[in-house]
Amino acid sequence: MSSSNRIELIIQDAFEDVALLIGGAASLHQLENQLVRTLMRRLDHVRTRALARLEQVDASASRPANSGRPYHLHPAIEGFLRRQHGGHQPGLSEMPSPEDRSAQPSAAKGETR
């Protein structure tokens, strides 16, 4: 069972507990039927919104992070990177990060001091 399914079950259980609490209070205090119906209708709206928000969060979390780099490079960018790396075209995971590039000696970058 995925974590989002477990979270959804926890939320549903919590709303069931609240519904039973309202039902118990309504019975104990002899609340009017219309008041109980209104409370349950509003509780149902809150439950629906909460589950919809959970789905939105789950959908955004399931998208992989791209770490600021595009998934598919434009052919002109691929050509530039191939020339930049001496004919070898690094994959996205092989591309040096800015930190890696700054750690290289400046002579390797073609710079002189």
Side-chain angles (χ1 to χ4, degrees):
M1 179 181 295
S2 72
S3 64
S4 63
N5 288 342
R6 283 184 282 180
I7 293 170
E8 186 174 338
L9 287 174
I10 291 169
I11 290 172
Q12 288 175 347
D13 284 346
F15 277 100
E16 184 176 328
D17 289 345
V18 172
L20 293 173
L21 182 75
I22 291 171
S27 177
L28 182 65
H29 297 287
Q30 300 174 354
L31 299 179
E32 294 181 24
N33 284 337
Q34 189 58 37
L35 175 62
V36 176
R37 290 179 205 276
T38 300
L39 284 171
M40 295 312 298
R41 188 174 53 248
R42 290 186 179 173
L43 181 64
D44 192 43
H45 288 292
V46 172
R47 181 188 60 82
T48 302
R49 280 195 334 247
L51 292 174
R53 287 183 198 149
L54 177 63
E55 287 178 15
Q56 290 173 351
V57 169
D58 188 40
S60 66
S62 67
R63 282 185 242 134
N66 68 1
S67 69
R69 295 187 180 125
Y71 290 109
H72 302 286
L73 297 175
H74 188 278
I77 295 171
E78 287 179 359
F80 172 81
L81 291 174
R82 193 176 309 114
R83 290 185 300 276
Q84 177 74 11
H85 293 279
H88 172 71
Q89 180 184 359
L92 289 178
S93 62
E94 297 173 305
M95 290 179 64
S97 68
E99 295 82 23
D100 293 338
R101 287 191 293 262
S102 64
Q104 294 173 349
S106 46
K109 295 181 192 177
E111 299 174 1
T112 58
R113 289 187 184 212

Exercise. Please answer: with hydrophobic residues joined when any side-chain heavy atoms are less than 4.5 Å apart, are Val18 and Leu54 in the same cluster?
Key: yes
Quiz prompt | Those residues that, when tested against Gln12, pass side-chain contact (heavy atoms from CB on, under 4.5 Å) (two or more places apart) | solution = Glu8, Leu9, Leu51
Self-check item: For Ser2, all residues meeting side-chain contact (heavy atoms from CB on, under 4.5 Å), sequence neighbours excluded
Solution: Ser4, Asn5
Quiz item: Mind checking what makes side-chain contact (heavy atoms from CB on, under 4.5 Å) contact with Asp17, not counting sequence neighbours?
Solution: none
Side-chain atoms of residues 34-46: list all donor-acceptor pairs with protein atoms under 3.5 Å, sequence neighbours left out, distances to 0.1 Å.
from, atom 1, to, atom 2, distance (Å)
Thr38, OG1, Gln34, O, 2.9
Asp44, OD1, Arg47, NE, 3.2
Asp44, OD1, Arg47, NH2, 2.5

